[in-house]
J.: 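Quick one: the structure is below, and I'll ask about it shortly.
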Protein chains: 2
Amino acid sequence: MQKVTMADVAKLANVSKSTVSQYLNKRYDYMSEETKKRIARAIEELGYRPNFIARSLKQKSTATIGVIVFNILHMLTTQVLRAIEDVCQERDFHVIVCNTDDNPEKEKKYIEMLRAKQVDGLIVFPTGKNVELYERMTEEQFPLVFVDRMVPDLPVDAVLLDNYQAAKLAVDHLVDSGYERIGIVTPPIVSHVIPRIERIEGFKRAMTERGLPVVEEYIIGAEIPRIKEELNRLFSSDHPPQALFAINDLTLTEVLNFVKETNINIPDDLALISIDDVPFANIYTPRLTTIAQPTFEMGRKAAERLFMKIEQKEAGRHQVLRFSPTLIKRDSVKQQ
Amino acid sequence: MQKVTMADVAKLANVSKSTVSQYLNKRYDYMSEETKKRIARAIEELGYRPNFIARSLKQKSTATIGVIVFNILHMLTTQVLRAIEDVCQERDFHVIVCNTDDNPEKEKKYIEMLRAKQVDGLIVFPTGKNVELYERMTEEQFPLVFVDRMVPDLPVDAVLLDNYQAAKLAVDHLVDSGYERIGIVTPPIVSHVIPRIERIEGFKRAMTERGLPVVEEYIIGAEIPRIKEELNRLFSSDHPPQALFAINDLTLTEVLNFVKETNINIPDDLALISIDDVPFANIYTPRLTTIAQPTFEMGRKAAERLFMKIEQKEAGRHQVLRFSPTLIKRDSVKQQ
DNA sequence: GCTGTTTACTAAATCGATTTAGTAATGGAA
DNA sequence: TTCCATTACTAAATCGATTTAGTAAACAGC
């Protein structure tokens with residue numbers, strides 16, 4: 001096992017530990033060529049590898065950040081995470097990834113353990129339920145950035161989609177294409193899940209702006225496994241919607257399953273638009289019209305904000321950064 | 001920032017650092033209730049949080065492992081990773097994730113930096129190109145497990161799909177369904193990418209076993225962006241295949257793009273089967289017949305093997321664990 | 001010849017824990 | 001009364017680096 005330490009190198013090279021340390025940190029201002037060579041040789045000979053942990057203890061920086069997400073299996077998360085890792089890679093930082101499954105207990109445990117492990121900063125997809133904990137971190141000026149969700153009234157940097165605009169994009173595209181009876185499909189509507197709230201609110205506003213009524217019946221909010229039956233119920237009523245807006249990939253999948261089982265034809269019988277540009281949008285028949293989130297930009301930005309805070313320990317006023325969604329017109333919404 | 005150390009707690013509680021340390025490690029064999037209470041109170045009062053880095057230095061264990069993958073964006077990877085993280089979560093370990101993009105330089109840098117950070121073990125989707133480095137690790141008995149790929153002749157634990165069986169499952173299902181002219185679609189065939197080699201070899205063997213000729217022309221091996229043109233060429237020839245076997249999700253996507261553009265009907269004009277049970281397999285029309293890898297079991301197993309090595313520093317003979325694929329019959333292959 | 005600066009290094013303290021060896025006080029057995 | 005065991009703690013060494021303050025030698029300037 002690895003037992004070679006700096007002291008061993010120092011002994012073999014006939015210099016002090018300090019000198020070896022200087023050498024490794026390239027502080028050669030006053031170091032003879034001869035000494036450098038001897039140290040280099042000793043390192044080579046012993047196969048010495050510095051212990052980063054020891055250095056971290058003294059320097060109070062681990063070059064490691066934590067990223068706490070709901071579930072890496074979710075595509076948005078994976079993409080954001082990849083972008084974060086890319087930024088870290090450029091800076092020789094490493095990323096610890098944790099899945100909370102949207103469980104506040106797990107979130108709390110992870111945050112505390114990662115801080116105990118002295119990570120230099122944290123990017124969190126927050127459950128939104130550990131407000132005291134978030135507060136404590138901001139008070140201590142611990143580098144922290146939220147992604148996807150935010151917590152109202154808390155001075156924490158956050159990187160989010162402009163959900164109002166996303167909903168507006170969906171509604172406008174449908175209305176422009178001649179649809180009026182538009183339904184929305186979402187997971188259960190709970191107040192601390194900001195994107196959900198904003199998307200629904202954005203949907204309502206956009207409908208109103210276009211002079212259309214918001215039909216409560218057309219708002220399907222249910223646990224994912226129960227969405228199909230709700231859709232069944234709605235579509236066996238007298239006046240089912242002519243178009244559906246799925247607020248994320250999970251609900252989109254349910255709608256797709258539903259239309260498959262019921263032989264509803266898209267886009268002839270029903271127009272469909274969704275947030276999240278799923279990987280099969282282009283392959284599916286018909287090709288799916290979607291609203292894409294700039295996931296990589298969001299991840300990159302989150303990482304960059306975090307590094308600003310890590311580097312200057314004081315980034316001034318906090319910011320909530322809103323990213324613009326992009327409408328990708330394909331074939332699941334057709335001009336009526 | 002966090003400046004409270006064990007010494008502060010000790011001072012406030014009027015005991016020595018050692019006693020506080022014992023307390024935190026629950027070694028109360030001989031500790032008065034009174035002392036325990038005083039320490040607990042001091043910790044509470046100061047808001048003391050142990051510094052895990054300091055502990056790691058002394059204990060030579062960081063409760064952190066590294067997982068080095070090609071790209072978390074790849075679904076197989078994400079799923080394996082999630083399973084690994086679950087196992088780690090149970091043991092209060094953390095996971096550092098790194099993307100190599102199949103680049104040996106990056107792989108080398110990551111392995112070296114993670115070892116410098118004293119991770120307790122490494123799970124690697126190896127590029128296969130850093131043989132010396134892998135060898136050094138095994139010589140030093142450093143806990144290491146490979147996933148997805150392996151390196152021949154190297155005594156490293158590996159968790160892999162039974163690729164021969166997967167190919168056989170595909171061929172047998174097609175042949176049983178009445179197909180004879182079967183093509184295979186793969187990324188470029190390079191010798192160090194074991195799954196690729198094994199799947200193609202398995203395909204050839206299975207064909208021979210069923211008394212069918214292996215037509216070289218039907219083996220499409222090209223970079224992903226060039227696959228479509230190869231398919232175009234093949235399908236404008238006199239005798240195109242009646243069925244296609246895509247060896248992974250990437251090639252499947254290309255085939256799907258190809259059929260979409262050329263209006264080839266699946267399964268009527270062409271049968272299709274692939275390895276990797278993509279998330280849209282069930283939604284696509286027709287529903288896709290696939291061969292699933294037990295990704296979660298594989299991730300779990302990889303983590304468990306790694307922990308065996310971490311815990312007993314000596315796990316005896318190395319093992320290459322082969323996981324069985326599962327044929328999921330859906331509608332992209334139909335009885336002729 | 002004396003002082004001051006530059007060069008090339010080193011000793012020792014430090015980071016924040018864990019751990020080992022040891023001590024003082026008490027109680028019980030011979 | 002003496003000796004040993006048990007209880008309840010502590011001092012100091014340690015993990016493997018970094019960093020600060022300092023020293024000795026060589027050289028330059030007046």
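Order of the sequence lines sets the chain letters (A, B, ...), proteins ahead of strands, with each chain counted from 1.
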J.: Look at Tyr23(A) and dT10(C) and indicate whether a side-chain polar atom (N or O) is within less than 4.0 Å of OP1 or OP2.
T.: no
J.: CZ of Arg27(B) versus P of dA8(D): gap in Å, rounded?
T.: 17 Å
J.: Could you state the CG-C1' distance from Asp8(A) to dG16(D), rounded to the nearest angstrom?
T.: 10 Å
J.: Pick base, sugar-phosphate or nothing for Thr5(B), based on heavy-atom distances below 4.0 Å to the nucleic acid.
T.: sugar-phosphate
J.: Has Tyr134(A) got a side-chain atom pairing as donor or acceptor with Leu144(A)'s backbone, closer than 3.5 angstrom?
T.: no
J.: Looking at every strand, decide which applies to Val15(B) at a 4.0 Å heavy-atom threshold: base, sugar-phosphate, or nothing.
T.: sugar-phosphate
J.: Is the side chain of Thr62(B) donor-acceptor paired with the backbone N or O of Ser56(B) at a distance under 3.5 Å, no angle test?
T.: no
J.: Would you mind telling me which of dT10(D), dA11(C), dA17(C) lies closest to the side-chain atoms of Ser16(A)?
T.: dA11(C)
J.: Measure CG/Asn51(B) against P/dC15(D) and give the value in whole Å, please.
T.: 18 Å
J.: Rounded to whole angstrom units, what separation is found between the CD atom of Gln22(B) and the C1' atom of dG16(C)?
T.: 16 Å
J.: Send over the distance from Lys60(B) NZ to dG16(C) P, rounded to a whole Å.
T.: 19 Å
J.: Check whether any side-chain N or O of Thr35(B) sits under 4.0 Å from OP1 or OP2 of dC9(D), and answer yes or no.
T.: yes
J.: Taking the side chain from Thr127(A) and the backbone from Asp102(A), do they hold a donor-acceptor pair closer than 3.5 Å?
T.: no
J.: Under 4.0 Å between a side-chain N/O of Gln59(A) and OP1 or OP2 of dT19(D), yes or no?
T.: yes
J.: How many whole angstroms separate atom CE of Met6(B) from atom P of dT10(D)?
T.: 12 Å
J.: Between Lys36(B) and Leu57(B), which has a closest nucleotide on DNA chain D that is more 5'?
T.: Lys36(B)
J.: Counting heavy atoms from C-beta on, name the nucleotide in dG16(C), dT19(C), dT14(C) closest to the side chain of Lys58(A).
T.: dT14(C)
J.: I want to check one thing: is the phosphate of dT7(D), taken as OP1 and OP2, less than 4.0 Å away from some side-chain N or O of Tyr30(B)?
T.: yes
J.: For Phe52(B) and dC15(C), give me the distance from atom CZ to atom C1', rounded to whole Å.
T.: 17 Å
J.: Exactly one of Asn130(B), Asn99(B), Thr100(B) should register a side chain to side chain donor-acceptor pair (under 3.5 Å) with Glu107(B). Which one does?
T.: Asn130(B)
J.: On a heavy-atom basis, which atom in Val67(A) and which in Val69(A) lie closest, and how many Å separate them?
T.: CG1-CG1, 3.7 Å
J.: Nearest of dT19(C), dC9(C), dA17(D) to any side-chain atom of Thr19(A)?
T.: dC9(C)
J.: Atom CD1 of Ile39(B) to atom P of dA17(C): distance rounded to whole Å?
T.: 14 Å
J.: Mapping Ser32(B) and Ile53(A) to their closest nucleotides on DNA chain D, which lands nearer the 5' end?
T.: Ser32(B)
J.: With respect to the phosphate group of dT10(D), does any side-chain polar atom (N or O) of Ser18(B) fall under 4.0 Å of OP1 or OP2?
T.: no
